[in-house]
Visitor: 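Please find one structure pasted underneath; my questions will follow.
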Amino acid sequence: MDVLTTPLTAFSQYFSKSDYVLALPMILLTVFALGILMIDLMLPEEWKRLNALTALIGLGFSAAAVFRIHSLLGPEVSCIPGFFGTVVMDRFAVYFFYLFLVGAAVAVLMSVKYLEIERENHGEYYALILFSVIGMMAMACGYDIIMLFIGLELMALSTYVLVGFLRRDQRSNEAALKYLILGAFSSGIFAYGLSLFYGLTGSTNLGTIAQGLEKRISANPNDPVVIFALLAVSTGLLFKIAAVPFHQWAPDAYEGAPTAITGFMSVAVKSAAWALLLRMFLFGFYPLRALYVPMLIFVALATLTGGNLAAITQTNTKRLLAYSSIAHVGYMLLGLIASDGTSNTTGIKGIMFYLLVYTFMNLGAFAVIASLRRREIIGDDLDDLAGLYKKAPVEAVLMLIFLLSLAGIPPLAGFYGKYFIFLSLVETGHFALAGIAVLYAVVGLYYYLKMANAMFMREETTAEPVKSSPSMSLALAICAIGTIGIGLFPNVFIELVNWSMSGANAATIAQLMH
Amino acid sequence: MVPLSWYLLLSAFLFASGVAGFLIRRNIITIFMSIELMLNGVNLAFIAFATVRHSLNGNVFVFFVMVVAAAEAAVGLAIIIAVYRTRETLNVDRVNLLKL
């Protein structure tokens with residue numbers, strides 16, 4: 001036998017061709033990220049924006065690879081397991097892949113001019129964005145706690161660096177430090193919880209963990225070890241989605257990070273954390289539903305209260321939007337409470353639709369704030385918005401659209417996000433929770449309109465003009481089209497969410513794996 | 001053979017001292033070391049379970065946790081150096097520009 005082919009045949013015993021197709025979106029992103037790192041060394045200072053182009057091409061190729069997987073998932077194929085069941089490519093994962101890629105692409109477009117103004121235009125920035133998207137993908141399609149943990153850490157480590165990317169800026173450093181320390185701490189707690197689940201069930205596969213937990217919990221519904229492990233893992237997950245009382249890092253990290261990264265963190269990183277949370281709670285821990293729902297109700301109410309009330313008093317727009325994003329997490333948690341995972345999936349659909357809508361409207365709001373960054377003006381204070389309508393009417397009107405959408409005013413996209421959450425609460429009889437959520441939506445309107453008031457009613461404080469760049473205009477256009485388009489034609493997107501949910505339940509996957 | 005519960009007690013002790021150190025100490029480097037201690041507690045628990053259950057997955061997880069801890073230390077120390085350069089302090093209480 002040929003010496004060269006022997007290791008190859010041995011290798012091909014373990015990996016099939018379909019495994020490569022599943023990993024292709026991630027492989028392509030890795031190649032492009034490494035490519036950026038190398039090309040960056042050869043580029044002169046004035047050509048650095050080519051790195052952004054390379055990143056966009058990489059995201060495009062990755063999207064094409066995702067579409068390939070998308071087309072393999074026909075009407076009768078609901079999921080493709082790969083790599084010995086450590087990866088499950090189902091419609092749920094594909095849906096999130098698209099969300100991450102859109103979020104990353106818009107963040108890249110927002111960054112081009114911003115980095116030039118900050119004089120920190122390095123290729124590593126774009127490479128790190130791509131690396132964090134790879135981590136997110138591993139979080140969305142992983143079906144093994146090892147895979148999920150690696151994905152989480154890859155995403156988190158890349159984001160820590162991105163938050164502190166303005167290394168000469170004290171605020172950016174401080175934000176990175178706080179995010180890193182609290183993030184590493186929560187990962188430690190998360191990993192400890194995972195070790196206990198591994199000990200309880202003897203497996204790292206989510207499906208096997210679910211079966212083991214089912215046996216364990218039917219023998220003793222209040223098993224203290226199970227409760228402790230669940231608390232540890234939930235702490236880690238709730239930290240990553242920035243739910244109260246694990247939210248302290250979010251306002252600091254959001255305020256100090258470069259604005260484009262703040263936008264990226266608030267949509268893509270958050271969606272990835274949600275993908276992981278949904279994967280674990282609906283697939284791995286569904287036998288523990290009776291244990292985690294009361295806990296989630298407490299967390300959701302605390303999140304809605306904490307996020308909305310703290311946002312009222314903020315004077316920094318990035319910090320205000322950070323608290324508003326905490327409040328949005330509260331609404332999404334209500335969707336998880338309302339859905340029982342099997343018979344009623346409106347809540348889960350609501351969360352996924354909410355994340356889609358939120359990607360466009362929140363990135364849009366951050367894009368407007370990023371476009372206010374000029375030489376000598378940071379542009380993230382509420383006063384910097386004053387008189388924006390006179391200076392830059394297009395930006396001001398777009399900001400108004402994003403803010404109204406965030407507040408949930410019909411016919412904008414944000415309304416449908418909240419609508420499905422409230423619908424799921426009413427369908428499952430959680431009338432009190434629905435009432436509280438509507439009440440907080442009114443509170444939310446107050447601080448969003450406070451920002452609108454500054455833009456349209458107040459006199460401008462500086463005469464410095466706001467100049468837009470082509471890439472920023474494109475980013476704003478994508479966000480605006482998304483926000484208005486989903487609002488006007490919600491059916492197209494509801495179909496997409498329905499598609500991603502069909503067949504994506506633990507029972508189908510368990511059947512395929514064994 | 002040493003029973004499983006001893007390993008688990010030691011792992012819980014390591015983890016708890018890590019958490020305590022994280023909450024009590026004010027020096028950034030010490031806080032960082034406490035986090036590493038927590039991860040070591042996790043590793044010990046995984047190894048103990050893997051041995052008792054005769055499954056390799058726990059051992060594999062430990063390798064990945066070690067890789068993650070190393071990467072975290074690299075990124076963390078870089079960020080700590082950047083903080084030190086702009087502020088000349090390693091006390092977390094004095095890194096307080098961002099407030100409510």
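Each chain gets a letter, A, B and so on, in the order the sequences are listed, and its residues count up from 1.
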Visitor: Looking at A:Arg171, A:Arg167, A:Arg168, which has the largest count of heavy-atom pairs under 4.5 Å with chain B?
Guide: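 Ranked by contacts with chain B, first place is A:Arg171.
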Visitor: Taking all heavy atoms of B:Ala71 and all of A:Leu157, pick out the closest pair and write down the distance.
Guide: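 Shortest heavy-atom contact: CB-CD1, 3.5 Å.
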Visitor: Could you grab the distance from atom CG of B:Asn57 to atom CG of A:Asp144, nearest 0.5 Å is fine?
Guide: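 So the gap between those two atoms works out to 6.5 Å.
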Visitor: Locate the shortest heavy-atom distance separating B:Ile35 from A:Phe185; write the atom from each residue and the value.
Guide: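 What the structure gives for the nearest pair is CD1-N, 4.1 Å.
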Visitor: Closest heavy-atom contact between B:Ala45 and A:Ser195?
Guide: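 Looks like CB-OG, 3.6 Å.
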Visitor: If you count heavy-atom pairs within less than 4.5 Å of chain A, which of B:Ala74, B:Ser55, B:Ala69 leads?
Guide: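 Going by pairs under 4.5 Å, I would pick B:Ser55.
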Visitor: Looking at every non-hydrogen atom in both residues, tell me the closest pair between B:Leu39 and A:Gly188 and how far apart they are.
Guide: CD2-CA, 3.9 Å
Visitor: Examine distances only and state if a side-chain atom of B:Arg53 and a backbone atom of A:Leu200 form a donor-acceptor pair shorter than 3.5 Å.
Guide: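 The answer is yes, because a donor-acceptor pair under 3.5 Å joins these two groups.
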Visitor: For B:Ala12, is it the side chain, the backbone, both or neither that has a heavy atom under 4.5 Å from a heavy atom of chain A?
Guide: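 Both backbone and side chain.
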Visitor: Name the member of A:Ile150, A:Leu196, A:Leu154 that forms the most heavy-atom pairs with chain B at distances under 4.5 Å.
Guide: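 Of the options given, most contacts go to A:Ile150.
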Visitor: So, does A:Gln170 use its side chain to make a donor-acceptor pair with the main chain of B:Thr86 at under 3.5 Å?
Guide: yes
Visitor: So how far is it from A:Asn173 CG to B:Tyr84 OH, rounded to the nearest 0.5 Å?
Guide: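 It is 14.0 Å, given to the nearest 0.5 Å.
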Visitor: Given heavy-atom pairs under 4.5 angstrom as the criterion, report whether the side chain, backbone, both or neither of A:Ala156 touches chain B.
Guide: neither
Visitor: Considering all heavy atoms of both residues, which atom of A:Leu194 and which atom of B:Phe61 are nearest to each other, and what is their separation?
Guide: CD1-CZ, 3.8 Å
Visitor: Which of the residues B:Leu8, B:Ile28, B:Val52, B:Val92 is involved in the greatest number of heavy-atom pairs with chain A at under 4.5 angstrom?
Guide: B:Ile28
Visitor: Check the pair A:Ile146 / B:Val60 against side chain to side chain contact (heavy atoms under 4.5 Å, CB included), numbers first and verdict last.
Guide: CA-CA 8 Å; A:Ile146 300 180; B:Val60 174; 4.0 Å; yes
Visitor: With respect to chain A, which residue among B:Glu72, B:Arg87, B:Met38 yields the maximal number of heavy-atom pairs within a distance under 4.5 Å?
Guide: B:Arg87
Visitor: Please look at B:Phe22 and chain A and tell me whether the side chain, the backbone, both or neither of the residue comes under 4.5 angstrom of a heavy atom of that chain.
Guide: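 Contact with chain A is through the side chain of B:Phe22 alone.
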Visitor: Sub-3.5 Å donor-acceptor pair from the side chain of A:Tyr198 to the main-chain atoms of B:Gly58, do we have one?
Guide: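 Between the backbone of B:Gly58 and the side chain of A:Tyr198 there is a qualifying donor-acceptor contact (under 3.5 Å).
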Visitor: Shorter than 4.5 Å, heavy atoms on both sides: which option in B:Phe32, B:Phe64, B:Phe15 has the most such pairs with chain A?
Guide: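 The residue among B:Phe32, B:Phe64, B:Phe15 with the greatest pair count is B:Phe15.
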Visitor: Taking every heavy-atom pair that is under 4.5 Å apart, which of A:Gly256, A:Gly193, A:Gly164, A:Ala191 has the most such pairs with chain B?
Guide: A:Ala191
Visitor: Is A:Ser158 in contact with chain B via its backbone, its side chain, both, or neither, using a 4.5 Å heavy-atom distance?
Guide: neither
Visitor: Side chain from CB out, backbone as N, CA, C, O: work out which of these in B:Phe46 comes under 4.5 Å of a heavy atom of chain A, or both, or neither.
Guide: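 Both parts, backbone and side chain.
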Visitor: Could you look at A:Leu180 and say if it's the side chain, the backbone, both or neither that has a heavy atom under 4.5 Å from chain B?
Guide: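 Side chain of A:Leu180 only, per the 4.5 Å heavy-atom cut-off to chain B.
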Visitor: Name the region of B:Ala50, side chain, backbone, both or neither, that has any atom closer than 4.5 Å to a heavy atom of chain A.
Guide: both
Visitor: Atom CZ of residue position B:Arg85 - does it have more than 12 heavy atoms of other residues, nucleotides or ligands inside 6.0 Å?
Guide: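 Open.
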Visitor: Taking side chain as everything from C-beta outward and backbone as N, CA, C, O, which of these in A:Tyr192 sits under 4.5 Å from a heavy atom of chain B? Side chain, backbone, both or neither.
Guide: both
Visitor: Which region of B:Val19, side chain (C-beta onward) or backbone (N, CA, C, O), has a non-hydrogen atom less than 4.5 Å from a non-hydrogen atom of chain A, or is it both or neither?
Guide: both
Visitor: Which one of B:Val75, B:Leu4, B:Ile31 has the most heavy-atom pairs closer than 4.5 Å to chain A?
Guide: B:Val75
Visitor: Between A:Ile189, A:Val163, A:Val161, which shows the greatest number of heavy-atom pairs under 4.5 Å with chain B?
Guide: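 Top option by heavy-atom pairs under 4.5 Å: A:Ile189.
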